[in-house]
Amino acid sequence: MNRTRLLAVARKEVLHLRRDRRSLILAFLLPVLLVILFGYAISWDVKDIETAVLDHDGSGRSRELLNAFWSSGYFRLVARLERPSEIDALLDRGTIRIALVIPPGFASDLDAGRTAQIQGIADGTDANTATIALAYARAIVRSYSNRIRVAGSRAPPIESRTRVWYNEDLSSKNMIVPGLVAVIMTIIAAMLTSLTIAREWERGTMEQLAATPVSRLEVVVGKLLPYLAIGLMDVVGVSLVGVFLFGVPFRGSAALLMMLSLAFLIGALGLGMFISAVARSQLLATQLAMVATFLPAFLLSGFMYDIAVMPKPLQAFTYLVPARYFLVVTRGIFLKGVGIEVLRVQGLLMIVFAVIGLFAATMVFKKEL
Amino acid sequence: MKSRWRHRLERIGGMVGKEFRQIFRDPRMARVIVVAPVIQLLVFGYAVSTDVDEIATFLVDHDRSRESRELVEALTASGAFEVVGRSDRSGDLVLALDRGDAAVGLEIPAGFSTALRTGSGARVQILLDGTSSNTASVAQSYAERIVQEFALGRTVPVSSAAIDFRERPWFNPNLESRDYNVPAVVGALILLVCLLLTSLAVVREREIGTLEQLNVTPLTPGELIAGKTIPFAVIGLVDLSLVTAVSILWFEVPFRGSAVHLLAASILYLLSGLGLGLLISTVSSTQQEAFMASFLIFQPAILLSGFMFPVTSMPEIFQWVTLLNPVRHYIEVVRAVFLKGPSIEALWTQYTALLLIGGTLLWIASRRFQKTAR
């Protein structure tokens with residue numbers, strides 16, 4: 001590879017880019033806009049669960065228990081009911097997500113030392129929310145139950161001390177924002193380069209390029225350099241938004257993040273370049289880039305859905321999704337503050353992917369020339 | 001009067017026929033229309049699971065007693081936890097969590113069994129990887145419940161809980177997340193198909209220059225729009241039946257409501273998809289731009305629909321914004337029709353919203369379209 005020729009190709013690409021203002025604006029603005037939109041809108045945190053109460057007992061005890069529900073901040077009272085049949089209608093309409101039923105004799109059972117009962121009826125359609133809501137309800141009932149247990153009874157026989165690491169208050173924002181860095185960069189990178197080679201074909205400048213003494217690898221790498229710079233700036237921009245706007249902790253090393261981002265971006269940009277060389281038309285290229293990156297990056301990288309619970313063949317497929325590795329890197333550096341000793345497998349795999357990406361793009365490109 | 005309407009229908013029919021021929025002249029279109037939605041539904045259906053089971057658990061058992069083994073068995077017997085590694089050193093536990101090899105760490109201190117037997121308050125430590133906040137909160141509640149039940153099982157019945165909490169999840173007793181997610185995918189896919197096909201088809205005609213030819217035919221603008229959009233509405237409904245059939249037959253999602261409900265809501269929903277597609281085609285001059293615009297609309301529409309993230313968990317401003325999102329209302333109907341089998345009264349707000357949003361979008365789109373077509 002000749003440095004002068006390489007830089008000449010890079011300069012030519014920069015000139016192209018400067019002329020295409022719309023793409024340039026998109027390249028810088030889109031990632032930041034996406035992370036802001038996603039960061040605000042997306043949340044799995046369950047709070048203010050709409051709750052209806054059917055209190056047949058109406059005693060001081062039942063009110064005390066219900067107050068424990070309201071003061072927890074997880075449950076919000078939306079209706080006091082008189083008849084069980086009302087529960088059906090409210091659940092059907094989706095007005096409430098959980099109904100608490102306190103039977104008559106609740107207080108007298110407790111006072112007599114008998115086990116009292118209460119019932120929680122949840123809307124199970126949203127399995128995730130229902131599971132969490134029932135877990136909160138269970139915890140509230142248990143702690144109230146422990147509190148009123150007659151004095152002199154033994155302490156609970158096993159105390160389980162639960163501690164959450166890396167994300168102490170289990171805020172889903174802390175989990176989503178670093179993941180977004182990986183997902184957004186996958187999509188942006190592929191979209192950035194997917195047009196470059198196709199554009200030359202459509203405009204007929206490919207023949208000119210073929211006539212110059214530039215080698216294939218020099219064209220691919222030279223075209224890639226400007227986008228690599230844009231991609232790195234995007235990573236910085238998105239990370240800054242995450243840390244300063246959303247208050248996501250950044251516990252690891254920024255230098256390491258940049259180094260691993262570099263490896264990841266080369267692979268992702270190479271993939272876009274490969275698609276561009278195969279597609280030959282800008283429209284087909286964007287479509288292919290979208291299909292090849294969007295769905296896999298969102299669904300199969302572990303960003304939103306746990307890879308561990310997917311069926312085995314799908315799990316195997318996720319190893320081909322580079323966002324999967326970059327996601328471990330961003331979450332690891334942001335939240336866990338781990339170093340290269342933990343991330344070296346991911347780093348190596350991303351380098352392998354980068355080499356394959358560059359190689360594939362160069363190979364396909366050659367056929368066309 | 002009657003014959004005028006007949007002519008009108010004939011003209012629209014002719015145009016619809018021409019559109020269909022045009023669509024299917026490209027053999028790739030059949031793939032886009034039939035194969036793509038089914039494949040996407042299959043990938044989504046399998047990938048989109050928030051069920052939590054076999055959570056990778058790292059075990060450090062300093063006690064190595066019968067009791068500690070029994071506690072571990074109680075945890076794994078539920079199927080929620082799976083021991084993926086064990087060690088004698090706490091440091092290994094930290095490393096396993098750092099590496100992401102395990103999502104849960106369980107440490108049983110020495111003297112656990114003695115404390116349990118003497119009743120002096122045994123302790124176990126449970127560490128959770130919070131980077132996956134959803135899994136962590138579910139794992140936390142599972143673990144605490146199992147430990148408490150294990151503890152209660154080993155003491156005299158007197159100390160049973162004062163209050164017994166009975167749980168009953170309705171509509172989805174096993175709390176299967178797939179039953180909730182697959183119907184929503186139906187809504188997302190139909191919008192995507194409608195949006196892309198409509199916007200691209202109209203823009204293509206402008207790119208090739210055949211839109212001008214259409215203007216000199218005796219078709220009125222209204223007929224032109226009807227002729228353009230009806231084929232895509234039909235394709236949308238075919239796709240709807242296709243993905244609904246796959247959901248029921250392949251994923252075995254229950255279908256408790258009536259097909260009439262689903263069809264009625266789908267037709268109203270298609271108004272929005274077609275309106276948006278037309279609108280995009282009025283602002284784009286190339287297929288490339290139309291594609292980008294579709295993508296830029298599709299993404300927030302799905303994000304703010306309650307498909308993957310519950311609307312009630314969003315900040316209040318976004319909750320209001322979702323009211324303008326047809327996807328939100330349609331997904332509510334689809335989920336209800338599949339899982340709840342609701343009455344018409346339970347859904348009338350969604351129907352009204354879909355009609356209003358769809359009607360407005362289609363109206364704006366056709367007005368702009370008529371102007372740009374001139």
Side-chain angles (χ1 to χ4, degrees), chain A residues 40-45 91-93 110 115-132 134-135 138 141 145 148-149 153-155 157-167 170 172 175 282-283 286 299-300 304-306 309-311 314 328 331 335-336 338 342, chain B residues 46-51 97-100 119 121-138 140-141 144 147 151 155 159-172 175-177 180 287-288 291 303-304 308-310 313-315 318 335 339-340 342 346:
Chain A
Y40 272 120
I42 293 182
S43 161
W44 256 319
D45 302 338
L91 280 176
D92 266 351
R93 263 176 220 173
L110 282 182
T115 298
Q117 246 182 36
I118 83 159
Q119 198 177 33
I121 300 169
D123 178 351
T125 48
D126 182 352
N128 187 44
T129 308
T131 310
I132 295 173
L134 285 173
R138 205 185 302 126
V141 171
S145 170
I148 59 163
R149 193 176 296 168
S153 82
R154 294 192 304 179
I158 301 181
E159 183 196 345
S160 55
R161 292 217 175 157
T162 326
R163 274 178 48 199
V164 179
W165 274 13
Y166 314 124
N167 181 11
L170 282 175
S172 59
M175 159 201 179
Q282 296 191 53
L283 176 65
T286 29
L299 297 178
L300 303 177
M304 295 200 286
Y305 304 101
D306 237 345
V309 295
M310 292 176 192
L314 208 57
V328 176
R331 284 202 180 138
L335 300 177
K336 299 184 175 178
V338 292
V342 167
Chain B
Y46 279 116
V48 178
S49 164
T50 44
D51 296 340
L97 284 176
D98 269 350
R99 280 181 197 279
R123 279 216 309 247
V124 294
Q125 169 99 308
I126 299 167
L127 296 174
L128 300 153
D129 176 356
T131 50
S132 188
S133 61
N134 186 44
T135 310
S137 53
V138 176
Q140 178 173 14
S141 91
E144 284 175 358
V147 170
T155 46
S159 73
S160 69
I163 303 174
D164 173 23
F165 182 61
R166 299 259 170 116
E167 302 171 3
R168 270 181 55 202
W170 273 15
F171 308 123
N172 184 5
L175 292 173
E176 289 270 353
S177 69
Y180 181 64
Q287 294 190 62
Q288 167 83 40
F291 183 76
L303 212 63
L304 299 175
M308 304 187 234
F309 304 94
S313 303
M314 296 174 190
F318 283 97
R335 278 181 173 152
L339 297 176
K340 295 184 180 175

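Chain naming here is simple, since letters A, B, ... match the order of the sequence lines and numbering starts at 1 in each. Since this is a predicted model, take the numbers as computed values, not measurements.
A:R331 places no side-chain N or O within donor-acceptor distance of the main-chain N or O of A:K336, the cut-off being under 3.5 Å.
Residue with the most contacts toward chain B among A:V328, A:L299, A:D306, A:V342: A:L299 (heavy-atom pairs, distance under 4.5 Å). Note on A:T129, A:L134, A:V338: by heavy-atom pairs under 4.5 Å with chain B, the leading option is A:L134. Ranking A:A130, A:G120, A:A135 against chain B, the residue ahead of the rest is A:G120, based on heavy-atom pairs under 4.5 Å.
With a 4.5 angstrom heavy-atom cutoff, A:L91 touches chain B via backbone and side-chain atoms both. When heavy atoms are compared at a cutoff of 4.5 Å, A:L300 approaches chain B solely by way of its side chain, counted from C-beta outward. Both the backbone and the side chain of B:L127 come within less than 4.5 Å of a heavy atom of chain A. In this structure, chain B has a heavy atom under 4.5 Å from the side chain of A:I132, while its backbone stays farther away. Both the backbone and the side chain of B:R99 come within contact range of chain A, with heavy atoms under 4.5 Å apart.
Looking at heavy atoms from C-beta onward, B:W170 lies in side-chain contact with A:I121 at the 4.5 angstrom threshold. Under the 4.5 Å side-chain criterion, counting only non-hydrogen atoms from C-beta, B:L97 is in contact with A:W165. Looking only at side-chain heavy atoms (C-beta outward), B:R335 and B:Y180 come within less than 4.5 Å of each other.
In this structure A:Y166 satisfies the side chain to side chain donor-acceptor pair (under 3.5 Å) test together with B:D98, sequence neighbours excluded. Taking B:F318 as the reference, nothing meets the ring pair (Phe, Tyr, Trp, His ring centres under 6.0 Å) condition, with sequence neighbours excluded.
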